[in-house]
Amino acid sequence: MAKSTQPAWAGKLCRQLKRAAEKDLDFSRFGADSHKYRLNQPALEETIAAFETRFSVSLPEGYRNFLLWMGDGGAGPFYGLYSLGAAEPGWLADYSEGAVLPLGTQGCTLMTGLVLDGPDRGRVIYYDEDQCSPPIIMREPDFLAWYDRWTREVIADYDDEEMYFGLYLDGKPQELMELYEGTTDVQTRVEIVESCYKFRELPSRQKSYFKKACDGEENPELRMVLIKMLSYFRVPGMEDQIDALWDFGAYPEAVSVICYSGGWAAKEAWWPRVLEKMSSLRGQPFWDACHIFSALKDYPEIHAGLLKDQLYRTDLDQNDKNILFTCLSKLNGREEVVDYFLNYLPDGKNHERAEYHTLIYAIWVTKDVQDLRLERVWVSLLDKFRTTQDAKDDYKGSQMHLKSQIDPDGDCCIGASHPFGVICSNLMGCLNRFGLDYRGAWKLLMDNGQWAGWKREHGFAS
């Protein structure tokens, strides 16, 4: 049967999908590089009928119309939509209200599905194939409303897809503010406040409104979520709430306020308590704590030894270590942590290409520390990395001259740019470039005879 004219809703949705693609040209949103905002060709009536007959199901009207008028899979939330027939409908062990058709994956065992019958027929459901968490029925009444919301939120550049698109309330900042004003129910207000996290930035009007609401809120749970949300968006004046955050046990949020909103007075007053809780922090809160100590680097009571215990934590990832090492490199008293780096720097597992940034940050910590043991480690690392192709390529670059854009009559050397070459460049800096200029230091390092002679002269010959 031939199709009639495209319905208005389909034309509108196609335009929204096009605008969404234009908004995310580099596919930076979660999963976008998989579907690239492209839909497959629409399904035929015969294909849908055959699927329904095969599995003895009736597809909900919204999804059926999408297949007919928009596309049979492709662009959609997370990693996109399956085509019809890519997965079979069935029953979930932890959801007994109706059969579910898998629509797509959110990554790992997390799935998006469509309820085919029962009281939730036509609505989208999120579920975990390993049943590690209970299924969640989306608020939208049918598939088309859910898909329409997705295109609108991509266009608006909301930051919620990796945090599970659709779990927050729909609505723009102004609309959520109006919802908050229109209810006195605490749990509803909590949900409204938490829905603000989908915005990349909270407009000034909403910041002012929620700040005023926070100041006058007597319910501890609601006040807590308001403080956390306002701290997340770095609303000025939140330093007055640090005590409340600390009493609530919201240490990450308190550290964020101290770091970004509290000013010098808050950092001076709170750093001992931040240090007490630092071992419980990871990720951004841990980085914020490190930034607090970096900011206080010139205070006599702040020294590297305060953070020594953090070096031996086994739960920090590479990014955490990078921030910690960078912080330590700015502090006085780095000789207090030398023993750790005497073990870390020579360890071969830290010499992998993927780890080179972290190794460089570790080198920064030890630079200018007067310790013969460190000097021997620096020389041994140069012995290892100077023979790599990276170092050879950067040596060639160091010998080339380019006219400086700042001083047309001057020239400058091309610096190191390859991972292991950058390591060599930093190590040469630790050894004061062997008393030579940059180009001369590279020449010495690349000449086996000169390098051996320099080591003998300085007591590093093996």
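The model shown is predicted, which means the values in this text are computed figures rather than measured ones.
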**Report entry** Aromatic contact, F385 with H351 (centres under 6.0 Å)
**Finding:** yes

Report summary line: Value for CG (N343) from CG (L311), rounded to nearest 0.5 Å, stands at 11.5 Å

Requested in this report: Work out which heavy atom in S83 is nearest to a heavy atom in N40; give both atom names and the distance.
Outcome: CB-ND2, 4.2 Å

Requested in this report: Verify the ring-centre separation between Y232 and Y197: is it less than 6.0 angstrom?
Outcome: yes

Query raised in the report: Could R433 and Y438 be counted as a cation-pi pair, given that NZ or CZ must be under 6.0 Å from the ring centre and within 45° of the axis?
Result: no

Report summary line: Taken to the nearest 0.5 Å, the spacing of T366 OG1 from R373 CZ works out to 12.0 Å

**Report entry** Enclosure of K36 NZ (heavy-atom neighbours >12, cutoff 6.0 Å)
**Finding:** yes

Query raised in the report: Crowded around R313 CZ? As in, over 12 foreign heavy atoms under 6.0 Å?
Result: yes

Query - Note, P134 side chain near D94 side chain (heavy atom, < 4.5 Å) - result: no

Query raised in the report: Heavy atoms, side chains only, cut-off 4.5 Å: are Q16 and V154 in contact?
Result: no

Requested in this report: Dump the intermediate steps for side chain to side chain donor-acceptor pair (under 3.5 Å) on R282 and N319, then the final yes or no.
Outcome: CA-CA 10 Å; R282 288 189 61 192; N319 290 325; over 6 Å; no

**Report entry** Option from R29, K172, K198, R19 for which salt bridge (charged side-chain N to carboxylate O under 4.0 Å, His left out) with E153 holds
**Finding:** K198

**Report entry** Heavy-atom pair of closest approach, residues L230 and K207
**Finding:** CD2-O, 4.0 Å

Query raised in the report: Going from CH2 on W364 to CZ on R334, what distance comes out if it is rounded to the nearest 0.5 angstrom?
Result: 12.0 Å

Query - Non-hydrogen side-chain atoms of V257 and R234 separated by less than 4.5 Å - result: no

Report task. Of all the heavy-atom pairs spanning K392 and T387, show the shortest one and how long it is. Result -> CE-O, 3.5 Å

**Report entry** Note: D170-R149 ion pair, threshold 4.0 Å (strictly below)
**Finding:** yes

Query raised in the report: Do M278 and C290 come within less than 4.5 Å of each other through their side chains, counting heavy atoms only?
Result: yes

Query raised in the report: Does the D320 side chain pair with the main chain of G283, one donor and one acceptor, at a distance under 3.5 Å?
Result: yes

Query raised in the report: If you take all heavy atoms of K267 and I258, which pair is closest and at what distance?
Result: NZ-O, 3.3 Å

Report task. Would you please say whether a donor-acceptor pair under 3.5 Å links the side chains of N322 and Q318? Result -> no

Query raised in the report: Step by step, would you call C214 with Q241 a side chain to side chain contact (heavy atoms under 4.5 Å, CB included)?
Result: CA-CA 10 Å; C214 178; Q241 306 288 351; 4.1 Å; yes

Report task. If the plane angle is over 60° it's perpendicular, under 30° parallel, otherwise tilted; pick one for Y395 and W442. Result -> tilted

**Report entry** Any donor-acceptor pair under 3.5 Å from R223 side chain to A213 backbone
**Finding:** no

Report summary line: So the ring pair (Phe, Tyr, Trp, His ring centres under 6.0 Å) pairs with at least one residue in residues 272-309 (sequence neighbours excluded) are none

Requested in this report: State whether the side chain of S425 and the backbone N or O of G421 hold a donor-acceptor pair below 3.5 Å, judged by distance alone.
Outcome: no

Query raised in the report: E178 and Q174: side-chain donor and acceptor closer than 3.5 Å?
Result: yes

Report task. Return yes if some donor-acceptor pair links the side-chain N/O of N350 with the main-chain N/O of Y344 below 3.5 Å, else return no. Result -> yes

Query raised in the report: Is the centre of the F233 ring less than 6.0 Å from the centre of the F199 ring?
Result: no

Query raised in the report: Looking at R353 and D390, does any basic side-chain N land under 4.0 Å from a carboxylate oxygen?
Result: yes

Report task. Evaluate the ring planes of F460 and W454, with Trp represented by its six-membered ring, and classify them as parallel (under 30°), tilted (30 to 60°) or perpendicular (over 60°). Result -> parallel

Query raised in the report: Going through the checks in order, is the side chain to side chain contact (heavy atoms under 4.5 Å, CB included) test met by N332 and I302?
Result: CA-CA 7 Å; N332 294 317; I302 303 299; over 6 Å; no

Query raised in the report: Are R189 and E221 close enough that some pair of their side-chain heavy atoms sits under 4.5 Å apart?
Result: no

Requested in this report: State, yes or no, whether a side-chain contact exists between P285 and Y251 at a heavy-atom distance under 4.5 Å.
Outcome: no

Query raised in the report: CD of E175 to CG of L169: how many Å apart, nearest 0.5 Å?
Result: 11.0 Å

Report task. Classify the angle between the aromatic ring planes of Y209 and Y180 as parallel (below 30°), tilted (30 to 60°) or perpendicular (above 60°). Result -> perpendicular

**Report entry** Charged N-O contact under 4.0 Å between R439 and D437
**Finding:** no

Requested in this report: State, yes or no, whether a side-chain contact exists between D394 and C424 at a heavy-atom distance under 4.5 Å.
Outcome: no

Query raised in the report: Heavy-atom count around K443 NZ within 6.0 Å, excluding the residue itself: above 12?
Result: no

Query raised in the report: Between S28 and D24, what is the shortest heavy-atom contact and its length?
Result: N-OD1, 2.7 Å

**Report entry** Rounded distance (nearest 0.5 Å) linking atom CD of Q284 with atom OG of S256
**Finding:** 7.5 Å

Requested in this report: Starting from the C-alpha separation in whole Å, work towards a yes-or-no answer on side chain to side chain contact (heavy atoms under 4.5 Å, CB included) for E375 and H458.
Outcome: CA-CA 10 Å; E375 293 179 3; H458 292 82; over 6 Å; no

Query raised in the report: Is there side-chain contact between D383 and K455, with heavy atoms separated by less than 4.5 Å?
Result: yes

Query raised in the report: Between R200 and D157, is the closest basic N to carboxylate O distance under 4.0 Å?
Result: yes

Query raised in the report: Going through the distances and angles, do K330 and T326 end up as a side chain to side chain contact (heavy atoms under 4.5 Å, CB included)?
Result: CA-CA 7 Å; K330 299 176 181 179; T326 301; 4.1 Å; yes

Requested in this report: Determine, using ring centers only, whether W150 and H35 are less than 6.0 Å apart.
Outcome: yes

Query raised in the report: If you measure from CD1 on I125 to CH2 on W146, what distance do you get to the nearest 0.5 Å?
Result: 12.5 Å

Report summary line: On a heavy-atom basis, the closest approach of V365 and F325 is CG2-O, 3.2 Å

Query raised in the report: Got a salt bridge between K211 and D215, using NZ or NE/NH1/NH2 to carboxylate O under 4.0 Å?
Result: yes

